[in-house]
Amino acid sequence: MSALKNDLLLKALKGETVSRTPVWMMRQAGRYLPDYIKLRDKYTFFERCENPELATEITVMPVDQVGVDAAIIFSDILVVPQAMGMEVQLVEKVGPLLPAPIKTAQDLQRLCVPDVQERLHYVFDALKLTKKTLDGRVPLIGFGGAPWTLLCYMVQGKGSKTFDEAKAFCYQQPAVAHQLLQMITDTTIAYLKAQVAAGADTVQVFDSWGGLLSPQDFEVFSLQYIRQIVAAMKDVCPTIVFAKGAWFALEDMAATGAHGLGIDWCIKPELARQFAGSNITLQGNFDPAKLLAPIPEIEKAVKEMLKGFGRQRYIANLGHGILPNVPVDHAKAFVETVKAHG
């Protein structure tokens, strides 16, 4: 295995001094890249995920074409519910569809905590091939969905702005909800550990819907399970926790022992640092829609963001995934402005 030539991301996560701010973008592998769109038009989503050569090609694209400081494996958080026994469909321009959602305790009998090597081997194969292809150029990020966010899809059966059915399930059948959350947690821990064994240098836990919960419910239905994941990964690799909209829990998330916290664009950098404290790396928080602004405006806003966070214990990123309609040269402008910042 080649030694890392660019270890800025890992240094930042460990709190070590960096020569410049590292930068990558959530959802950077795909969507907005013309070469990805060609593959999307030729292969289904799961064909792209489950073919290690295709997943590797897509993962490495933004390193080659945009110049980011890390690669994140091309996959999806919903491979975990799929591995647990649920049917998952990913419909282009529509989103995820789980035709037989979980509604009762009896429905849990359809699920299992799987042997991840058996059910998710294609992810590990893609990680191994990607690691070899990168040849030490940049670190490789693995990831999984937070248990609460996965429960949202498994119970609602599709995307939602409110996930009211998922919340009602938790409030009306809390014992069943906690049983499901623990099954997801156990699967996720095994999955993330196997990703690291296959070549991931760090892992990120995506809690896309954490901000839909009140502070009290976030602790009950989300954070206590994220805490288990972070604790299990403590001696394995650095971990990043990204809970969109859950700025109210930055202090509690920092106390989990995670190395990094992703934050969205709805909080000032100074306030995020105040809440999270000085002993954790912050990652974010450029509004993805602002990449649709003229390039000079992007450059100006990026510089303001960098000034707000400071150089140390910081990774430049978006506050959520890159949008499909962002021009590639605008994404490049984001990355290049970070790299040029003295």
inquiry  = Whether R110 and D107 form a salt bridge (side-chain N of Lys/Arg under 4.0 Å from carboxylate O of Asp/Glu) is what I want to check.
reply    = yes
key: Within 6.0 Å of CD in Q106, more than 12 heavy atoms from elsewhere   = no
Listed pairs under 3.5 Å, donor-acceptor, residues 24-31 side chains, sequence neighbours left out:
from	atom 1	to	atom 2	distance (Å)
W24	NE1	Q283	OE1	3.0
Q28	OE1	M25	N	2.9
Q28	NE2	A70	O	2.7
R31	NH1	I322	O	2.6

query = Would you say F74 and M61 are hydrophobically clustered, going by side-chain heavy atoms of ILVMFWY under 4.5 Å?
reply = yes
Enumerate donor-acceptor pairs with a distance under 3.5 Å from any side-chain N or O in residues 173-184 to protein atoms, sequence neighbours excluded.
from	atom 1	to	atom 2	distance (Å)
Q173	NE2	K103	O	2.8
H178	ND1	Y225	OH	2.6
Q182	OE1	Q228	NE2	3.1
Q182	NE2	D186	OD1	2.9
Q182	NE2	Q228	OE1	2.9

ask   = Sequence neighbours excluded, which residues qualify as salt bridge (Lys or Arg N to Asp or Glu O under 4.0 Å) partners of E219?
value = R227
query = With the 4.5 Å side-chain cut-off for hydrophobic clustering, are I73 and F46 part of the same group?
reply = yes
query = When clusters are formed from ILVMFWY side-chain contacts under 4.5 Å, directly or step by step, what else is grouped with V196?
reply = I189, L192, V203, V205, I229, M233, V236
Worked check of side chain to side chain contact (heavy atoms under 4.5 Å, CB included) between L223 and W148 = CA-CA 9 Å; L223 189 56; W148 158 252; over 6 Å; no
note = Note: with side-chain heavy atoms under 4.5 Å as the link, the other cluster members for L129 come out as none
ask   = Going hydrophobic residue to hydrophobic residue with side-chain gaps under 4.5 angstrom, can you get from I102 over to Y171?
value = yes
message = Under the side-chain hydrogen bond (donor to acceptor under 3.5 Å, both in side chains) definition, can you give me all pairs with a residue in residues 63-83, not counting sequence neighbours?
response = N6-D69, R20-D69, D35-Q65, D64-R137
ask   = How would you list all residue pairs meeting side-chain hydrogen bond (donor to acceptor under 3.5 Å, both in side chains) that involve residues 313-325, not counting sequence neighbours?
value = T281-R313
key: K161 NZ: over 12 foreign heavy atoms closer than 6.0 Å   = no
request  = Just jot down the ring-ring contact (aromatic ring centres under 6.0 Å, His included) partners of Y32, sequence neighbours excluded, or say none.
outcome  = none
Only distances under 3.5 Å count here; give the side-chain donor-acceptor pairs of residues 237-253 to other protein atoms, sequence neighbours excluded, each with its distance to 0.1 Å.
none

note = side-chain contact (heavy atoms from CB on, under 4.5 Å) filter on C112, not counting sequence neighbours, yields P114, R119
request  = Please assess K332 against D329 for the test salt bridge (Lys or Arg N to Asp or Glu O under 4.0 Å), listing each intermediate value before the final yes or no.
outcome  = CA-CA 5 Å; K332 274 187 185 175; D329 59 338; over 6 Å; no
Can I get a per-line list of side-chain donor-acceptor pairs under 3.5 Å for residues 295-310, giving both atom names and the distance, sequence neighbours left out?
none

inquiry  = Grouping I, L, V, M, F, W and Y whenever their side-chain heavy atoms are under 4.5 Å apart, do L97 and M86 come out in a common cluster?
reply    = no
message = Using ring centroids (six-membered ring only for Trp), state whether F163 and F169 fall under 6.0 Å.
response = no
Partner set under side-chain contact (heavy atoms from CB on, under 4.5 Å) for S214, not counting sequence neighbours = Q216, D217
Common cluster, L8/V68, ILVMFWY with side-chain heavy-atom separation under 4.5 Å = no
